[in-house]
Amino acid sequence: MLKRKSISNKESISLDLVCYLLSTTVSDDNIGNQLKTPMERLVYCAELPVNSSEFYNAGQSGIKPEHLLVIDLEEYDGETTIKYEDKTYSIYRTYPRGGGLLELYCNRKAGVV
């Protein structure tokens, strides 16, 4: 698979990479058992570098930031997990930025496959 790096920077963001927001839907079968179905939703994103203050602040809570992904604000529905470059990450913080975009701060942690 060809991996493309985004040409984005903090001033000009181009959502030309692909990631998947992960969620789970819960439904009942015909006898009342709850069924959990994993869902992947494709969204376009850009990757920006994680700055040193984020490394410091996250480190105070024992978190090691791995990616800062930017997506369209309207695409986000409170998901806590994201798949990017064939790896699954936990979204530990979000930050709305101007222009209708949302920053997703992601890390790998135990229990996230």
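In what follows, residues are counted from 1 in the order of the sequence shown.
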Which heavy atom of [X] sits nearest to which heavy atom of [Y], and what is that distance?
X     : Y      : result
Arg97 : Leu102 : CG-N, 4.3 Å
Val43 : Glu75  : CG1-OE1, 3.4 Å
Ser23 : Glu79  : CB-CG, 4.3 Å
Ile91 : Cys106 : CG1-SG, 4.4 Å
Leu69 : Ile82  : CD1-CD1, 3.8 Å
Ile13 : Leu101 : CD1-CD1, 4.0 Å

Exercise for review: Group every Ile, Leu, Val, Met, Phe, Trp and Tyr by side-chain heavy-atom contacts under 4.5 Å, then state whether Leu22 and Leu42 land in the same group.
Suggested key: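 Same cluster.
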Within the 4.5 Å heavy-atom criterion, are [X] and [Y] side-chain neighbours or not?
X     : Y      : value
Cys45 : Tyr84  : yes
Lys64 : Asn107 : no
Ile71 : Leu104 : yes
Glu54 : Arg93  : yes
Leu48 : Val70  : yes

Point to revise | Matching residue for Pro65 among Tyr105, Phe55, Tyr89 - test: side-chain contact (heavy atoms from CB on, under 4.5 Å) | key: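 Looking at Tyr105, Phe55, Tyr89, the match for Pro65 under the side-chain contact (heavy atoms from CB on, under 4.5 Å) is Phe55.
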Exercise for review: Drop me the distance from Glu47's CD to Glu85's CD, to the nearest 0.5 angstrom.
Suggested key: 6.0 Å
Review point. Is the number of heavy atoms from other residues, nucleotides or ligands within 6.0 Å of CD (Gln60) greater than 12?
Key: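 Buried by this count: over 12 neighbours within 6.0 Å.
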Exercise for review: Answer yes or no: does atom OH of Tyr44 have more than 12 heavy-atom neighbours from other residues, nucleotides or ligands under 6.0 Å?
Suggested key: no
